[in-house]
Amino acid sequence: MVDIRAKISLTGGSDFWHTPAVTAADLPELMWTDGPHGVRKQSGSSDHVGINASEPATCFPPAVGLASSWDTELVEQVGVALGEECRALGVGVLLGPGLNIKRSPLCGRNFEYFAEDPLVAGELAAALVSGVQSQGIGTSVKHFAANNQETDRMRRDSQVDERTLREIYLRGFGKVVRKAKPWTVMCSYNKVNGTYASENHWLLTEVLRDEWGFDGVVVSDWGAVWSRVRALRAGLDLEMPANAAHEKEVRQALDAGEIDAGTIEQAYDRVEAVVRRAQASLAGAPEDFDVDGHHALARRMAEQCVVLLSNDGVLPLARETRVAVVGEFARTPRYQGAGSSRVNPTRLDNALDAISALVGHEVPFAPGFVTAAGQELADDAHERAVAVARDADVVLAFLGLGESHESEGYDRNNADLPAEQLALLEDILAVNPNVVVVLSNGASVLLPFADRVRAIVEGWLLGQAGGAVLADVVYGVVNPSGKITETIPRRLADVPSSLHFPGDVSGVRYGEGLFVGYRGYDASGIEPAFPFGHGLSYTTFGYSDLALATTDAGLAVSLTVTNTGGRSGREVVQVYVSVPGSAVVRVPRELKGFASVALEPGASARVEIAISSDDLAYWSVRDHAWVVEGGEYLVEVGASSRDLRLSGTVAVAGNEPSRPLALDSTVAEAMRVPAFAEIISGLAGAVFGEDPDLIRMMESIPLAALAGFGGQSLDEVQAMLDQVNATRSGGA
Ligand code: BGC
């Protein structure tokens, strides 16, 4: 028999990383730790901001890299490897993945998130969760919800309208919960529409559990709980880390009758279930993991993540090309983000050594600038880098953001590369126009030099094997196939959220609504530097024979992709959908499906992509429900959101609820219902005659007002509505 005090103890941590043992239940303590792209098991002093070292573990590419692969299968394999490492290190729950939407490139934590689009973020996060959990280790999908900035992250109120919240900020979480059944979900620090996520009953109970069927543990982000009593009542189960004062608060509230024993027992049961599941897979787990095998997997994964943004044909380089390598990042890679997700890698490849190994000799190198505090730099480092660059056939300039430029805990205040790097690039371009820029950064940077360099390789953050992969891409050992999941802007002011980010103490208003990322650029016709979904290859692909059909489950899209170039390569095919005649506000196009296809030169494959009705639905504010609008849908298929190769239309039946006409229905709405159309036109005709402009003006008049103009009483009109409503189904 476990007494209620022991049960209360399991609603909080016993220290920084553990849930307590419950002796009476023979329940051991369990370690929960970061996450997400590697295991950060601290054995010495603990912290949640990545300061103190942890045991060596494979550092896979962080989400920013993984996302560019669009490769759910490989991401799942990474998840499996992460699960294996958790077992070997005795970790029961890995705190990740994070799938908040990249609302602004300035968010300091974008490196840990997948995309500005909920479909691709949700699919990739679900793949990672499935992989980890296949090993009997839990995940914690975070940070739930609307946590899209670091500025004032522990307090700020994210003010998001109902439809935007559902369609953009919650949609990915819903997909992961339904598809991959994560053992735990981590609530975020911020408030969501006025209430802290940790105390938000609507979020943690009504949406997460009642609607999505989540049956696992809701754990707090570290320090996100203000009152454990209020949090438990809202649907939180576990407060992390340990907080003795809050535990006491629960005991006192129970004594005072301010919290039900049932609420505590329910949380206890859920946490206990997770601990038991993890305990079963940790018992007898091997103490080692395959260090070499996982490094090789990290490398295979990174190969899929690199994005070739531009290339005038200079890449891939021949090994004989006389190159000069400039930039400290080539020697000291930036391969993961700063903060709680920082992993202590088992190995670390750098591009400079890999390039020398590929060409068979040491290549000229100059660091040019420092990338982190504490690095030494000669006074004439800038001049030396320019001198090295002058003599080369091609200059490989490794530029990017250092750890201090982007981190958990704060946002960037501009999207520029550091000034000293931009100045160095200008001076190099003045002596040698043959420059290839290779980037390492966790979020988009502005690329004012894009038209003046011969190629740009966006390496994002690629994990511990990324350095070697960058060399492989430059020399064509690997044919790049990644595509960006965040728009790269020309100017910061072009970012749709720019007028509303990051808000102030009164809150952050998500004023751009649905028009986040490419949705906003497309709607306002703004040309980005590189659009969502963009990425080049050393080969080319042809698209043909689009076929569209409706199925019971949604839409079936199929097409043929042909490798029309001279190298084997992989294409990420994207399907965008819009509803041109929609009755509700729509963005110009939304990603609704994608697939990867690897092809030898000259080969073709039929690609089939299923789009579920859930993904076609919009959130109806009128019905407070997901609704598939009936009508003609435009389906566009292409290589990016701005490189659409095929399109077609398909009629979708829809499932709009029947909405009886009422006195506040408009004439236009009534006209869509045949039984009313006749009566209404008679009535309208009597008031307005046959003038087409007047008829158009009339469309938005509510029936009650129209009746008034026509001299009918509201009762008469209501009686007529009741009569016809009773005989019809299907709504206006
Ligand atoms: C972060 C979480 C992390 C936790 C534990 C928090 O500061 O926001 O993502 O899992 O610390 O380190």
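For the pair Glu150 and Arg153, the salt-bridge criterion is met [side-chain N within less than 4.0 Å of a carboxylate O]. A salt bridge is defined here as a Lys NZ or Arg NE, NH1 or NH2 lying under 4.0 Å from an Asp or Glu carboxylate O, and Glu328 with Arg331 meets this definition. Taking 4.0 Å as the cut-off between side-chain N and carboxylate O, Arg178 and Glu211 do not count as a salt-bridged pair. The residues Asp472 and Arg299 are annotated as salt-bridged, a charged nitrogen and a carboxylate oxygen being separated by less than 4.0 angstrom. With salt bridges taken as basic N to acidic carboxylate O contacts below 4.0 Å, one links Lys175 and Asp615. Contact check on Lys142 versus Glu112 returns a salt bridge, with a Lys/Arg side-chain nitrogen under 4.0 Å from an Asp/Glu carboxylate oxygen. By the 4.0 Å N-to-carboxylate-O rule, Lys7 lies too far from Glu272 to be salt-bridged with it.
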Show, in sequence, the C-alpha distance, side-chain angles and deciding distance for Val607 and Glu571, and conclude whether the side-chain contact (heavy atoms from CB on, under 4.5 Å) test is met.
CA-CA 11 Å; Val607 177; Glu571 174 68 328; over 6 Å; no
Would Thr371 and Arg334 satisfy side-chain hydrogen bond (donor to acceptor under 3.5 Å, both in side chains), going step by step from the backbone distance to the final call?
CA-CA 8 Å; Thr371 60; Arg334 171 100 201 287; over 6 Å; no
Might you work through the side-chain contact (heavy atoms from CB on, under 4.5 Å) test for Ser69 and Leu74, ending with a clear yes or no?
CA-CA 9 Å; Ser69 76; Leu74 203 55; 5.9 Å; no
Evaluate Ser158 against Tyr169 for side-chain contact (heavy atoms from CB on, under 4.5 Å), listing each step before the verdict.
CA-CA 11 Å; Ser158 297; Tyr169 296 98; over 6 Å; no
Which pairs of donor and acceptor atoms, one on a side chain in residues 128-136, lie under 3.5 Å apart (sequence neighbours left out)?
| from | atom 1 | to | atom 2 | distance (Å) |
| --- | --- | --- | --- | --- |
| Ser130 | OG | Ala126 | O | 2.9 |
| Gln133 | OE1 | Thr139 | N | 3.3 |
| Gln133 | OE1 | Thr139 | OG1 | 2.8 |
| Gln133 | OE1 | Trp183 | N | 2.8 |
| Gln133 | NE2 | Lys181 | O | 2.9 |
| Ser134 | OG | Gly131 | O | 2.6 |

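A donor-acceptor contact under 3.5 angstrom links the side chains of Thr487 and Glu116, judged on distance only. Checked by atom type, the side-chain pair Asn147/Tyr189 shows no donor-acceptor distance below 3.5 Å.
When side chains are defined from C-beta on, Arg570 counts as touching Asp71, because their heavy atoms get closer than 4.5 Å. At a threshold of 4.5 Å between non-hydrogen side-chain atoms, the residues Phe398 and Leu470 count as touching. Glu590 has its side chain out of reach of Leu119: every pair of non-hydrogen atoms, C-beta onward, lies at least 4.5 Å apart. With a 4.5 Å cut-off on side-chain heavy atoms, Met186 and Trp32 do not count as touching. Counting heavy atoms from C-beta on, the side chains of Tyr538 and Ser568 never come closer than 4.5 Å. Contact check for Trp212 versus Leu170: side-chain heavy atoms found under the 4.5 Å cut-off. The side-chain heavy atoms of Val225 and Tyr196, taken from C-beta on, include no pair separated by under 4.5 Å.
In this structure, CZ in Phe289 is found 14.0 Å from CZ in Arg87, a value given to the nearest 0.5 Å. Between the CG atom in Leu10 and the OG1 atom in Thr19 there is a gap of 6.0 Å [rounded to 0.5 Å]. Rounding to the nearest 0.5 Å gives a distance of 8.5 Å between NE2 of His18 and CE of Met240. In this structure, CZ on Phe114 lies 11.0 Å from CD1 on Ile101, to the nearest 0.5 angstrom.
Judged by distance alone, the side chain of Thr58 and the main-chain N or O of His295 form no donor-acceptor pair under 3.5 Å.
Checked against ring pair (Phe, Tyr, Trp, His ring centres under 6.0 Å), Phe594 has the following partners two or more places apart in sequence or in another chain: Trp70.
Residue pairs meeting the salt bridge (charged side-chain N to carboxylate O under 4.0 Å, His left out) criterion with at least one partner in residues 341-352, sequence neighbours excluded, are Asp292-Arg347, Arg342-Glu403.
No more than 12 heavy atoms of other residues, nucleotides or ligands lie within 6.0 Å of CG in Asp215, so this atom counts as exposed by the packing criterion. Within a 6.0 Å sphere centred on CD of Gln375, heavy atoms belonging to other residues, nucleotides or ligands number more than 12.
Relative ring orientation between Tyr113 and His143 is described as perpendicular, the plane-to-plane angle rising above 60° on a 0-90° scale split at 30° and 60°.
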